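So the structure is just underneath, and the comments pick up after that.
Every number for a ligand or one of its atoms is a count from 1 in the order of the listing. Since the structure is predicted, the reported quantities are computational estimates derived from the model, not experimental observations. We use all heavy atoms of the structure for the numbers below, so side chains are in, but hydrogens, waters and symmetry mates are not.
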Amino acid sequence: MTDLASLNSHALSAIDAAATLDALEAVRIDLLGKQGSISALLKTLGQMSPEERQTTGAAINSLREAVTAAMGTKKAALETAALDARLATERLDMSLPAPEIATGSVHPVAQVMDELAEIFADMGFAVAEGPEIEDDWHNFTALNIPETHPARAMHDTFYFQQSSPIGGGGPAKLVEGQDAQSPLHHPADGPPPRTGEVLRMLLRTHTSPVQIRTMLQQKPPIRIIAPGRVYRSDSDATHTPMFHQIEGLVIDKGIHLGHLKWTLETFLKAFFERDDVVLRMRPSYFPFTEPSAEVDVGYTLVNGKRVIGGSEGWMEVLGSGMVHPRVIEACGLDPNEYQGFAFGTGVDRLAMLKYGMDDLRAFFDGDLRWLKHYGFAALDVPTLSGGVGA
Ligand code: DAH
């Protein structure tokens, strides 16, 4: 009995002294494991007489129970302590400033396109899209630029070498200029091409074909802008083979030049975020508009730099005009019933004017230093109430 009593106190103090779960496990193995001292005592029960079992046996069992219970209590306490310790080290201090992390930025072209969409949405314009690989009917013919028209040469078009039937044919190869034309069937003045017809394909030279696609798909009234990439074989400080345009088109009954002028004035004032933007419309020529006008905005010289506003000098910003009756007709609408205006401008050029870049080529170099300098914060979404210039 004294042995049992001392074993009991020894066991309980060992359990009490265990500082970690591992140490407690070692104590358990020492006492209750296969070779453990309490296990050894339990093994003696078998050889005991019934009387002995009643007394010593019962004492051994209660020793085992007391030790098992003490182990359970200690284990729970150690586990709680371990959890508390972990929670203490993993605590997040929400008041700490955010760490410096690498961030991307919004490219000025994307920013300006968002600004334009915001401004025109406010005037009730939807955004329309068309393919960058276009056929010559949509890019030229339907826009009143027939086969022999000099404007086709002026556009420095990238043609695909081999015309292939729509929806079939092998991969086409891209070549430059007029020589690229092959003596294939051209749906010269006919209706929009259909599957199976042989077409000359090209990279669209302007966003104007989206006018055609929109008029063929939608019924008037139409009010759309069409931003997107366009391609011309041209490269210097102000020209890159790929650049961005935005097209505007309004088709309805009773549309006149006054609507065009108001729309452009409202747009340019909102875009440059100044009320003193002055517009000048110069008579011009585009095959798809009649009459046509080029639009200049006035600038003022401040320390030798051109600042939009006033009328000390003029900068050309867009082409525009009343949609030519032949274009309206090519899209299956009656020009006696419907009129409209259209305009087109370079998005990159607008960005350069507004944000002061002087070399267009840098737009597409992917130089991170340039993007860091001219880029916009990703969360600065342009809004008319907060300002479109972010
Ligand atoms: N498509 C013309 C170009 O790329 C720009 C243009 C001028 C578009 C007049 C128009 C317009 O819609 O009315 O040079």
Side-chain angles (χ1 to χ4, degrees), residues 116 120 123 125-132 134 136-146 149-158 202-216 222-234 238-252 255-265 267-268 279-297 315-328 330-331 333 335 338-350 360:
L116 296 174
F120 280 103
M123 292 194 266
F125 284 65
V127 173
E129 285 184 328
E132 288 170 32
E134 192 48 285
D136 62 2
W137 190 86
H138 286 93
N139 196 79
F140 292 126
T141 313
L143 285 160
N144 195 31
I145 312 175
H149 200 287
R152 287 211 183 193
M154 275 157 52
H155 272 211
D156 301 313
T157 312
F158 286 112
L202 43 83
L203 292 178
R204 69 177 177 193
T205 57
H206 51 177
T207 43
S208 303
V210 185
Q211 290 187 29
I212 304 301
R213 291 185 175 275
T214 307
M215 279 189 266
L216 288 169
I222 289 169
R223 259 184 273 174
I224 56 113
I225 52 163
R229 292 192 179 108
V230 300
Y231 302 83
R232 288 183 203 180
S233 176
D234 209 353
T238 50
H239 296 89
T240 47
M242 186 281 298
F243 58 105
H244 300 84
Q245 284 191 339
I246 187 162
E247 194 80 13
L249 176 72
V250 168
I251 300 284
D252 205 346
I255 298 294
H256 55 73
L257 260 180
H259 294 124
L260 170 63
K261 184 167 187 249
W262 178 87
T263 305
L264 295 180
E265 210 168 74
F267 145 52
L268 290 168
L279 262 64
R280 186 173 76 170
M281 291 176 96
R282 270 182 299 112
S284 184
Y285 172 75
F286 299 104
F288 32 88
T289 44
E290 180 58 37
S292 304
E294 251 157 345
V295 179
D296 301 336
V297 288
M315 267 183 295
E316 185 193 318
V317 288
L318 33 86
S320 67
M322 302 306 293
V323 181
H324 199 294
R326 264 192 233 151
V327 175
I328 294 184
C331 297
L333 295 171
Y338 290 108
Q339 302 76 42
F341 65 77
F343 55 89
T345 180
V347 175
D348 319 275
R349 188 171 149 68
L350 285 180
L360 179 62

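For T263, there are no side-chain hydrogen bond (donor to acceptor under 3.5 Å, both in side chains) partners, not counting sequence neighbours. Partners of E132 under the side-chain contact (heavy atoms from CB on, under 4.5 Å) rule, at least two apart in sequence or in another chain, are R204, R229, Y231. A search for side-chain hydrogen bond (donor to acceptor under 3.5 Å, both in side chains) contacts involving N144 returns R326, not counting sequence neighbours.
Closer than 4.0 angstrom to ligand 1 sit non-hydrogen atoms from H206, S208, Q211, R232, Q245, E247, F286, F288, T289, G319, S320, G321, A342, F343, G344.
Residues D296 and R282 meet the side-chain proximity criterion, which asks for heavy atoms closer than 4.5 Å.
Of all the heavy atoms in I255 and M322, the pair that sits closest is O-CE, 3.5 Å.
With respect to R232 and D156, no salt bridge is recorded, no charged nitrogen being found less than 4.0 Å from a carboxylate O.
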